[in-house]
Amino acid sequence: MKFLEFEDEAKRIVAEACAELGYGEVEVEVALPPNPTYGDLSCALPMRLAKDRSEEPSDTAVKLASKVVGRLKTTKYVGAVAPHRGGYLNFSIAYAKYIQDAVEAVTSGDLGRRDATGRSYAIEHTNVNPNKALHVGHARNLVLGDSLVRVMRFLGNEVQALNYIDDSGAQVADVIVGFRFLGIPDSAPAGTKFDTYCGDSVYTRVNKEYATNPSLKEKQSLVLREIESGEGEIAVYSKEIVKRILAAQLETCWRLGARYDLLNWESQLIHSGMWESVFERMKSEGIVKFERDGENRGCWVIPDPDTGEQKVVVRSDGTAVYVAKDIPYAAWKIGLTEDPFGYEVYISAQPGGGALYSTNLGGEKSGMRFGGAQTAISVIDTKQSYLQRIVGRVLERLEKGAASRYVHRSYEVVALSKGAAAQLGFDIGGEFVHMSGRKGLYVNVDAVLAGLQKKASEETRKRNPEDPEEWVDDTAEAVAVAALRYELLKQDPDKLIVFDIEESLKFQGDTGPYLMYTYARARRILEKAGEKPLMTAEGAGKLVREQERRLVKKLSMMDIAASVAGEYMSPKEMAKFAHELAATFNDFYEGVQVIREEDKEARLARLALVDAASSVLAEAMEMIGIPLRERI
RNA sequence: GGGCCCGUAGCCUAGCACGGAUUAAGGCGUCAGCCUUCGGAGCUGAAGACCAUGGGUUCGAAUCCCACCGGGCCCGCCA
């Protein structure tokens, strides 16, 4: 938004001054000064110029500044420039004009989507095996992926949000084994969600049985074969169970604010014929080779050019391994294969969102097109990095440049603190432990949300004693989602999160609820004012307080944060920005009166500033999926 | 054995991509303040860090390079 214009102006006049002084064509870089007393923007160019010409940096800075000053009449937003003895040029914003334009831009809906690239993205996330309820580790994937979808859309890209359903793997088979061979009833007791029931009571129990009952393990491979063939009574039954579990999981996903465009079923991928055709191409291009002897005798392998190691893709019995499913799927995402799928509506309207489609085989395309994106982003945890690299390498061999269009957005997993494990009845040795669905050592997302919701509803009730129960519940639910999403998103994806239940029950400080609170506070001012905000040149001229300037400067930098978030596929940038903006607003709130300001022009201008700040905060919150409420 | 990631106050984190300003930024916790004033899920102040360690590059390193210590993960004809 306006800050970028301010930057561009500063760069321009420095470049012009350099040309005038005979420094030639120089690349002008600017940065935010470490301390606001230096100004609003700084440029270290004099230091570099001085070094090349063995001058004193401060002399160069002074010389350059004197030429830059002469050009200030050509700038709208650069109000002053000052040399600093360290060799810097420091620029200050011409605030009267800047405040007026920045606030008006926001009010008229210009949020500076100047990075709109119009690229197409296929972003895959969530991808939970349909045999259990989501745990907080899955939630990290979902929050990262869904926020990325939101950021990319904000930036003007066309995004398909994909959710891959592994309906033909061992994990699903285990649940079917439990129902069919251990006589476990296939309906959950009252009050328990079906996904939770299958994960907690069926999957873990079957895995315990495997240890003592070898014949049960044989049943698993029987079930697995039937499911994979897609035919027979067990396959039909499994499909029904998977649908029921998925329905329960989607409730949790929607609760967390995620929406998808397409479900990709692994069972259909297998029967689509894509693997066979990709495999033929891999053979003819020499990407895979058949091993005649050695330890991989009888297998098709992909050799690793770096290490000389081999990755088996087709076993000696002719069946394909796991990664062999990923290759055609990846190829489909970026359009390296024909699209074999039809698409049908799976759910006509997701809560607060559009239709959710599903692939089908041999059906109509119903006018929808998926796959074939310019760039595919797969949100998958860091453990899969090795396999994802192999996929990328194969794609690159199939088509030059394809590897750069297939991006593995990796992230570290969520582990449990000693305390959280203890609450689940596990006594662990160290300070944290990795979650395990098989052992039942995991924290259920619905349970976490329920705990957060309970605490939030107490807080909300205290503040709003007159409001109806229903409103309090709904508000508390939103606060709970805000708290969890923010906590999982704000931390760098490369860092392990050690989840602690007590620790997560915090609504103060650097949290999602803080953002909601700040937004509600701002909206309250606008509601109570009973006047229409109006930014005029006269009014803008009266906003000379430090808190007002900091606020307008911060809100005018949202597009910078969004473009960084998009460039590095790092939605946490938006979390950081939202928090900074909220803190800046609260500082303004404490120090500056709005409604009680007697001067009408100043009052209406300040109202306009509050209006703009709340709009920008809302936009940033939406990009990370934090719910907006007028009151909380 | 090969590879990837993490290490910043008592605790949790930001800053590292593109190296800059003798005040390294937040949050939790601790201590001291701010409700006759637009919502105290807020704000202000204090104490608390030789940025794991040792070298190197540079006028300048939390940031780049090398080494090393500690922690996590990956390297199946499992999925």
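This one's a predicted model, so the numbers in the text were calculated from it and none came from an experiment. So that the names make sense, note that chain A is the first sequence line, chain B the second, and so on, each numbered from 1. Quick note: numbers below take in every heavy atom, side chains included, and nothing from hydrogens, waters or symmetry partners.
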Novice: Would you write out the dot-bracket form of RNA chain B, 5' to 3', with Watson-Crick and G-U pairs under 3.5 Å, [ ] for crossing pairs, | for pairs to other strands and . for unpaired bases?
Specialist: (((((((..((((......[....)))).(((((.......)))))......((((..]....)))).)))))))....

Novice: Determine the interatomic distance between C1' on C11(B) and the same-named atom on C5(B); round to the nearest Å.
Specialist: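 So the two C1' atoms sit 22 Å from each other.
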
Novice: Is C68(B) syn or is it anti, if syn means the base angle is within 90 degrees of 0?
Specialist: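 This nucleotide is in anti.
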
Novice: Tyr38(A): what forms a ring pair (Phe, Tyr, Trp, His ring centres under 6.0 Å) with it, not counting sequence neighbours?
Specialist: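 Testing Tyr38(A) for ring pair (Phe, Tyr, Trp, His ring centres under 6.0 Å), a comparison that skips the adjacent residues, returns His84(A).
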
Novice: List for me each residue that meets ring pair (Phe, Tyr, Trp, His ring centres under 6.0 Å) alongside Tyr164(A), sequence neighbours excluded, and say none if there are none.
Specialist: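 Per chain and number, Tyr164(A) pairs via ring pair (Phe, Tyr, Trp, His ring centres under 6.0 Å) with Tyr329(A).
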
Novice: Please enumerate all protein N or O atoms sitting under 3.5 Å from an N or O of nucleotides 57-64 of chain B, with distances to 0.1 Å.
Specialist:
none

Novice: Identify which nucleotide among A21(B), G42(B), G15(B) has an atom closest to any side-chain atom of Lys576(A), counting heavy atoms from C-beta outward.
Specialist: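 Output: G15(B).
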
Novice: So what does Val314(A) hit on the nucleic acid, given a heavy-atom distance under 4.0 Å: a base, only sugar-phosphate, or nothing?
Specialist: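 No contact.
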
Novice: Heavy atoms within less than 4.0 Å of RNA chain B: which residues of residues 498-505 of chain A have one? Give them sorted by number.
Specialist: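 Per residue number, the list is empty: none.
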
Novice: Nearest to the side chain of Tyr386(A) - C38(B), C75(B), U44(B)?
Specialist: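 The listed nucleotide nearest to Tyr386(A)'s side chain is C75(B).
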
Novice: Tell me which nucleotide among C43(B), A21(B), A79(B) gets nearest to the side chain of Leu387(A).
Specialist: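 Given the options C43(B), A21(B), A79(B), the side chain of Leu387(A) is closest to A79(B).
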
Novice: Measuring only the C1' atom in each nucleotide, how far is G71(B) from U53(B)? A whole number of Å is fine.
Specialist: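 So the two C1' atoms sit 15 Å from each other.
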
Novice: By the salt bridge (Lys or Arg N to Asp or Glu O under 4.0 Å) test, which pairs, at least two apart or in different chains, include something from residues 487-496 of chain A?
Specialist: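 Matches after skipping sequence neighbours: Lys490(A)-Asp510(A), Asp492(A)-Lys572(A).
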
Novice: Classify every nucleotide of nucleotides 1-9 of chain B by which part a protein heavy atom approaches to under 4.0 Å, writing B for the base, S for the sugar-phosphate alone and - for neither, in 5'-to-3' order.
Specialist: ----SSSB-

Novice: Examine distances only and state if a side-chain atom of Asn464(A) and a backbone atom of Ile632(A) form a donor-acceptor pair shorter than 3.5 Å.
Specialist: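 Yes; at least one donor-acceptor contact below 3.5 Å.
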
Novice: When you compare A25(B) with A47(B), how far apart are their P atoms, in angstrom units rounded to a whole number?
Specialist: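 Per the computed distance, 13 Å lies between those P atoms.
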
Novice: Holding to ring pair (Phe, Tyr, Trp, His ring centres under 6.0 Å), I want the full list of residues that pass it with Tyr406(A), two or more places apart in sequence or in another chain.
Specialist: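 Ring pair (Phe, Tyr, Trp, His ring centres under 6.0 Å) check on Tyr406(A) returns nothing, list empty.
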
Novice: Atom pairs, N/O to N/O, protein against nucleotides 47-52 of chain B, distance under 3.5 Å?
Specialist:
none

Novice: Among G42(B), C38(B), C75(B), which nucleotide sits nearest the side chain of Tyr589(A)?
Specialist: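 Of the candidates, C38(B) comes closest.
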
Novice: Just checking Tyr514(A): base, sugar-phosphate only, or nothing, at a heavy-atom cut-off of under 4.0 Å?
Specialist: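 Sugar-phosphate, no base atom in range.
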
Novice: Of all residues at least two apart in sequence or in a different chain, which pass the ring pair (Phe, Tyr, Trp, His ring centres under 6.0 Å) check with His579(A)?
Specialist: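 Scan of His579(A) (ring pair (Phe, Tyr, Trp, His ring centres under 6.0 Å), adjacent residues dropped) gives Tyr514(A).
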
Novice: Set out, line by line, the N/O atom pairs under 3.5 Å between protein and nucleotides 23-26 of chain B.
Specialist:
residue : atom : partner  : partner atom : Å
U23(B)  : N3   : Asn35(A) : ND2          : 3.0
U23(B)  : O4   : Asn35(A) : ND2          : 2.2

Novice: According to salt bridge (Lys or Arg N to Asp or Glu O under 4.0 Å), does anything in residues 309-326 of chain A pair up with another residue at least two apart or in another chain? List the pairs.
Specialist: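 Residue pairs passing salt bridge (Lys or Arg N to Asp or Glu O under 4.0 Å), neighbours aside: Glu266(A)-Lys325(A).
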
